[in-house]
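Source: prediction; values computed, not measured. Below, each value reflects all heavy atoms present in this structure, side chains not excepted, and no hydrogens, waters or symmetry copies. Numbers here are sequence positions counted from 1.
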Amino acid sequence: MAASLFRLSRPRRVLLPLSALRLPLSTQPLPQPRDPSSPNSNRGLPAFLSFLAAAAAGGITGSVALCDAAPDHRVGGKDSTELVVRGERKRVPQQFIEELASFLGENLTVDYEERSFHGTPQNSFHKAVNVPDVVVFPKSQYEVRKIVMTCNKYKVPIVPYGGATSIEGHTLAPHGGVCIDMSSMKKIKSLHVEDMDVVVEPGVGWIELNEYLKPHGLFFPLDPVLGSTQPLCIALRRGPGATIGGMCATRCSGSLAVRYGTMRDNVINLQAVLPDGDVVKTGSRARKSAAGYDLTRLIIGSEGTLGVITEVTLRLQKLPSHSVVAMCNFQTVKDAADVAIASMHSGIQVSRVELLDEVQIRAINMANGKSLPEVPTLMFEFIGTEAYALEQTLLVQKIAAEHHGSDFVFVEEPNAKEELWKIRKEALWAGFAMKPDHEAMITDVCVPLSRLAECISVSKQLLDASPLTCLVIAHAGDGNFHTIILFDPSQEEERREAERLNHFMVHTALSMEGTCTGEHGVGTGKMKYLEKELGMESLRTMKRIKAALDPNNIMNPGKLIPPHVCI
C-alpha cells in the first residue's frame with residue numbers, strides 16, 4: 001500500500017514557462033488516426049450535433065438515432081466487461097494552448113508526468129488509454145469561464161478535477177483534452193453564523209472546512225471515508241482529500257447521511273460555468289424555495305458533464321453538545337444488520353450506524369496490532385444532550401441483546417471515543433494493507449432498509465466462497481454497503497472473479513429495488529448498470545438534457561450516460 005501511494009507524496013511540479021509550450025505535448029505516441037471508412041469512425045459526428053440540440057428542444061419530429069462515437073459502444077455501456085476506457089484523441093492545436101496561456105500565464109502545464117498524474121485515479125482500478133493534453137489551475141470563476149469558452153470554441157474536451165478521491169473513473173481523460181484542476185480555488189468566501197450556512201469555492205476540502213467552522217460551534221455534516229486523509233496515508237497523499245466541488249459533482253454522502261442526508265440535502269445553491277461560458281446561479285440563500293426548476297439538484301450528481309462548479313452555498317449544523325460511541329459484536333452479519341434495521345424502526349435518532357464484517361475486523365487487527373474479536377461488528381454514534389444520548393444508547397443495547405448481540409460497550413470520554421471510532425475510520429486503509437500489491441474493486445450498492453439484511457446475507461455467501469479476499473463495510477442505517485474485493489491486476493482470472501462478484505451484488509440490489517451506487521457515483525464504472533436501474537427513457541431524457549446544454553459534448557465526455565443510449 002505504501003509503495004503504491006508513495007508517488008502521490010511529491011509536490012506539484014513546477015509549471016512550464018510559456019516559452020516551453022511549443023514542446024511536444026507527450027513523450028508517448030499518439031494513437032493512429034482512425035480509418036474514415038471504419039464503421040466506428042466518428043467523422044460524421046459534428047454534422048449531427050445540430051440535430052441533437054433540435055431534438056432536445058422538440059424541434060425534430062422524426063426519430064434521431066445518434067449514439068456516442070466510440071471504438072465499441074459496449075465499452076462502459078450495457079454488459080461491458082472492459083476496465084480500460086477507450087476514446088478518440090486528437091492533438092490539440094498550438095493556437096489553443098497559446099490562447100489559454102494568454103490569460104492563465106504559468107498556471108498551465110503540458111508536462112507529461114503532471115498530465116499522467118491527473119489522468120490516473122488515486123483510488124481506482126479504472127484506467128484510460130489517454131491522459132489530458134493540458135492541465136490548468138484556474139484561480140477564479142472568471143478564469144474558469146474563459147477556459148470553458150476557449151475549449152468550446154476549439155471543441156476540446158474538459159475534465160473537472162477536485163480531490164481525486166473518486167473511485168469510478170470520474171477524472172479519466174479517455175479523449176485527452178483539458179483537465180481543470182480546481183485546487184487553487186479554495187476560498188471560504190462568507191460565513192453566516194446566524195443563518196447556519198457558508199459560501200465556499202469548490203477547491204475547499206471538507207476536512208479543512210470543518211476545522212474552520214469548529215470555533216463557531218458549527219460543522220458540515222458529510223464525511224466521505226475515501227475523502228479522508230487517514231493515518232496510513234497522511235504522509236503519502238497529495239491534496240486535502242475530497243473537496244466540496246467534487247462532493248457536489250458525485251452527490252456523495254458518508255456515515256452521517258443516516259441523520260443529515262446526502263450532498264443533495266446539504267447544498268442550498270451553487271454557481272456553475274456551463275459549456276457555452278454562461279454562469280448560472282441555481283437559487284437564493286433561502287432555506288427553501290419553490291421558484292422554478294430545481295437546477296441545484298440537476299447539477300449535483302452530474303459528475304462534470306453539464307458544467308464546472310465554481311461556488312457552493314452549504315447548509316451547516318450545530319456541533320452536538322454530547323455524544324456516545326458504542327460497539328457490539330454478533331454471531332452473523334444478518335444479526336448485525338437486523339439490529340441496525342430495528343434501531344431505525346424504533347425511532348432512535350442515531351447519527352451513525354456502521355457494520356464491519358469479520359474479515360474487515362481481521363484486517364484492522366493485522367494493520368493496527370489490535371485483538372478485537374473477529375466477528376461481525378456494529379458501531380453506533382448517538383448525539384444530543386448527555387441524558388438523551390445515554391438513553392438512546394441503552395435502548396439500542398436492549399435491541400442488540402434481543403438479536404444475539406454480545407460485548408456491548410460504549411464510551412463518552414473524548415479520547416476514548418476517538419480511539420473507538422478510529423477503528424471504523426481506518427477500516428478501508430486496513431483492508432488495502434491486507435494485500436498491498438493488489439487493487440480493490442469496491443461495490444456501492446444501496447437497498448431499501450427492510451432488504452439490507454437479506455442483501456448482505458446473500459452477498460456474503462458468495463463472497464465467503466470466493467478465492468479472493470473480500471471485506472464488507474456498511475452504512476447500515478440507510479441500506480448502503482460496500483464490499484472491498486481485493487484482486488491481483490496481473491491475474492486475469494482474479495480480475496474476472498472480482499467483476500463476477502461485483503456484478504452479482506449489483507444485480508441482487510437491483511432485484512430488491514435498490515441502486516448500483518449509493519454514494520460513489522457512476523463515472524465510467526457503473527454506466528453498464530443504469531439501463532436496468534433507470535430504464536431507457538430516463539437515460540434518453542438525461543442525454544437530451546446533456547445535448548441541449550453541451551451540444552459539442554466537451555464536458556467530461558464518456559461519463560455517466562452509457563454510450564449505447566441513442567436519441
Val136 backbone acceptor or donor facing Asp181 side chain under 3.5 Å: no
Test item: side-chain donor near acceptor, His503 and Lys528, under 3.5 Å: no
Donor-acceptor contact present, side-chain Glu303 to main-chain Val522, <3.5 Å: yes
Neighbour count >12 (heavy atoms, 6.0 Å) for atom CD, Glu492: yes
Lys543 side chain to Val565 backbone, donor-acceptor under 3.5 Å: yes
Partner residues of Glu143 under the salt bridge (Lys or Arg N to Asp or Glu O under 4.0 Å) criterion, sequence neighbours left out: none
Residues which pass salt bridge (Lys or Arg N to Asp or Glu O under 4.0 Å) with Glu533, listed by chain and number, not counting sequence neighbours: none
Salt bridge Glu99-Lys153, side-chain N to carboxylate O under 4.0 Å: yes
Minimum heavy-atom distance Phe487-Ala440, with the two atoms named: CE2-C, 4.1 Å
Lys559 side-chain N/O to Leu172 backbone N/O, donor-acceptor pair under 3.5 Å: yes
Output field: ring centroids His170/His126 closer than 6.0 Å: no
Check: Leu270 main-chain N/O paired with Thr282 side-chain donor or acceptor under 3.5 Å: yes
Pair Gln271, Gln141: side-chain N/O donor-acceptor within cut-off below 3.5 Å: yes
Sequence-distant partners of Glu537, side-chain hydrogen bond (donor to acceptor under 3.5 Å, both in side chains), two or more places apart: Arg540
Heavy-atom donor-acceptor pair, Glu201 side chain to Lys187 backbone, under 3.5 Å: yes
Aromatic plane relationship, His118 with Tyr161 - under 30° parallel, 30 to 60° tilted, over 60° perpendicular: tilted
Distance-only donor-acceptor check, side chains Thr313 and Asn269, under 3.5 Å: yes
